[in-house]
Number of protein chains: 2
Amino acid sequence: MLFGEYVRKKREMLKATDRRFSVRQVARRIGVEPAYLSKVERGEVAPPSEAKIRALAEELGEDPDVLLAMAGKVSSDLLEVIRKRPQLFAQLIRELKTLPDHAILRLVREVRDGDW
Amino acid sequence: MLFGEYVRKKREMLKATDRRFSVRQVARRIGVEPAYLSKVERGEVAPPSEAKIRALAEELGEDPDVLLAMAGKVSSDLLEVIRKRPQLFAQLIRELKTLPDHAILRLVREVRDGDW
DNA sequence: CAGCATGTGTACTTTATAGTACACAGTTAA
DNA sequence: TTAACTGTGTACTATAAAGTACACATGCTG
C-alpha cells in the first residue's frame, strides 16, 4: 500500500467518529498546510519529512517505523546505530535478510531475555 | 575521522608506491572531476553519492560500509532490508544498540552457523 | 440562508544534493 | 626546457526535497 493512500484511509476512519480528523485539522496539528497534506494523501507529492511523518503517526495512532517504511525511509535513530558500527550491523542485517519473521523474533527475545 | 581526511590519507598512501593514485587519475576512474575529488578530500564539500563512494572504496581497497558510514550514510541495500520489515528490524536494532561488539559478533556467527 | 468549515488546484519558494567546467600556478620528467 | 601532469580556486548548474500561500467551489449547520 502506498503511503498517502494508507494515511488517507486511516484518517478517514478516525474522522468517521471524530470530526477533528479533517484534512485541515490534522494538518494544523502536525504543522503543515492543509493543501500539502491533501496532496500527500493523494500521492500527488512525495511523503513528508521524517519529523512530519512521526507527528502524523502519533496523531493517527500508527507505528512510526511502519509509516516511515511506507514512505521509503528508515528512522534516523536506527541509521545512527548502524553508522556507529557499520561492519557489525551490515554483516548482521545481510545475514538476517532472508530469515523468516519468527526466526528474527526469536533472536530479539533471546537477546532481550538472555544474558548478553 | 572525517570522510575526506580519511580518503586523502589512504589515497596518498597508495600514491607513494603507485603514481596512478593521483587525485586526477582516481577522480577519472571513479567518474568525477578532479577539482571535486580534491574538494571532497579537503572537506570543502560534502561527501559524494553512495555510488561514487562505492567506486572509491573499490579503488582504495576499503570496506564500502565503513566509508559510507564515515560519509554519514547507510548502504541502500541495508535500508531496503529494514524497510521491508520495519517493526522487526527496528526492534532488533534498538535491542542491540548498547550491546558490546563481541556479543553482536556472537549473534552473527550463531545465525550463520546455526539452524535458523 | 449566512457563515464557517471542508478539500483541493495553482503557483511559488527555499534549501540541500551532487556535482561540472575551466583556468591557473607549481612539479616532474624526457 | 618544454610538454605533460599535478592539485586547487572560482563560478556555475541541474535536480530533488520539503514544503508555503492563496484562491476557489462545495458542503454542512445552527
Side-chain angles (χ1 to χ4, degrees), chain A residues 2-57 59-60 64 67-76 79, chain B residues 2-57 59-60 64 67-68 70-76 79 83:
Chain A
L2 297 174
F3 176 82
E5 194 184 340
Y6 184 81
V7 167
R8 166 139 305 188
K9 207 169 288 189
K10 187 69 197 277
R11 188 187 51 72
E12 293 288 8
M13 232 175 71
L14 293 168
K15 191 185 161 193
T17 63
D18 186 343
R19 73 194 191 295
R20 287 171 41 260
F21 287 90
S22 69
V23 168
R24 273 166 189 274
Q25 294 197 40
V26 170
R28 215 168 70 58
R29 287 198 297 275
I30 70 169
V32 299
E33 288 292 312
Y36 179 55
L37 179 56
S38 171
K39 275 177 285 194
V40 165
E41 287 191 356
R42 286 170 298 126
E44 204 192 289
V45 302
S49 64
E50 177 169 348
K52 305 296 185 187
I53 292 177
R54 285 191 180 286
L56 200 49
E59 196 59 44
L60 303 178
L67 232 48
L68 283 167
M70 282 188 184
K73 313 195 188 222
V74 170
S75 183
S76 53
L79 297 184
Chain B
L2 296 175
F3 176 82
E5 193 184 341
Y6 184 81
V7 167
R8 167 139 304 189
K9 208 169 287 189
K10 187 69 197 277
R11 189 187 51 72
E12 292 287 9
M13 234 174 70
L14 293 168
K15 191 187 163 194
T17 64
D18 186 342
R19 70 194 193 296
R20 287 170 43 259
F21 286 91
S22 68
V23 168
R24 272 167 191 273
Q25 295 197 40
V26 170
R28 215 169 70 58
R29 288 199 297 277
I30 71 170
V32 300
E33 289 291 313
Y36 179 54
L37 178 56
S38 171
K39 275 176 285 194
V40 166
E41 288 191 354
R42 287 170 297 126
E44 206 192 287
V45 302
S49 65
E50 177 168 350
K52 305 297 185 186
I53 291 176
R54 286 191 180 287
L56 200 49
E59 196 58 45
L60 303 179
L67 232 48
L68 283 168
M70 283 189 185
K73 312 196 190 226
V74 170
S75 183
S76 54
L79 297 184
R83 246 183 26 72

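Lettering of chains follows the sequences in order, A, B, ..., and the numbering in each one begins at 1. Since the structure is predicted, the reported quantities are computational estimates derived from the model, not experimental observations. Both backbone and side-chain heavy atoms feed into the values below; hydrogens, waters and symmetry mates do not.
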ask   = Shortest non-hydrogen contact from A:Val26 to A:Glu59?
value = CG1-CG, 4.1 Å

Roughly how many Å is it from [atom1] in [X] to [atom2] in [N], rounded to a whole number?
X	N	atom1	atom2	value
B:Leu37	D:dG7	CG	P	9 Å
A:Arg28	C:dT6	CZ	P	10 Å
A:Glu44	D:dG19	CD	C1'	13 Å
B:Glu33	D:dT10	CD	C1'	14 Å
A:Ile53	D:dA17	CD1	C1'	12 Å

message = Short of 4.0 Å, heavy atom to strand atom, which residues of residues 14-26 of chain A count as contacting DNA chain C?
response = A:Lys15, A:Ser22, A:Val23, A:Arg24, A:Gln25

ask   = Looking at side-chain heavy atoms only, is the closest gap between A:Leu79 and B:Leu79 below 4.5 Å?
value = yes

inquiry  = Can you identify which nucleotide, out of C:dG19, C:dT8, D:dT20, has its nearest atom closest to the A:Arg42 side chain?
reply    = C:dT8

ask   = Nearest of C:dA18, D:dG9, C:dG9 to any side-chain atom of B:Tyr36?
value = C:dA18

task = Please work out if A:Ala46 contacts a base, only the sugar-phosphate, or nothing of the nucleic acid, heavy-atom cut-off 4.0 Å.
result = nothing

inquiry  = Regarding B:Val45, tell me which of base, sugar-phosphate or nothing describes its non-hydrogen contacts under 4.0 Å with the strands shown.
reply    = nothing

inquiry  = Once salt bridge (Lys or Arg N to Asp or Glu O under 4.0 Å) is applied, do any residues pair with B:Arg19, and if so which ones, sequence neighbours excluded?
reply    = none

Donor-acceptor pair present, B:Lys39 side chain and C:dT20 base, under 3.5 Å = yes

message = When you measure from the side-chain N and O atoms of A:Ser49 to the phosphate of D:dG19, is any distance below 4.0 Å, counting only OP1 and OP2?
response = yes

request  = Output yes when at least one side-chain N/O atom of B:Lys73 is less than 4.0 Å from OP1 or OP2 of C:dA18, else no.
outcome  = yes

key: B:Arg11 to B:Tyr6 six-membered ring, cation-pi geometry met (6.0 Å, 45°)   = no

ask   = Is it true that A:Glu44 and A:Lys39 make a salt bridge, defined as a side-chain N closer than 4.0 Å to a carboxylate O?
value = no

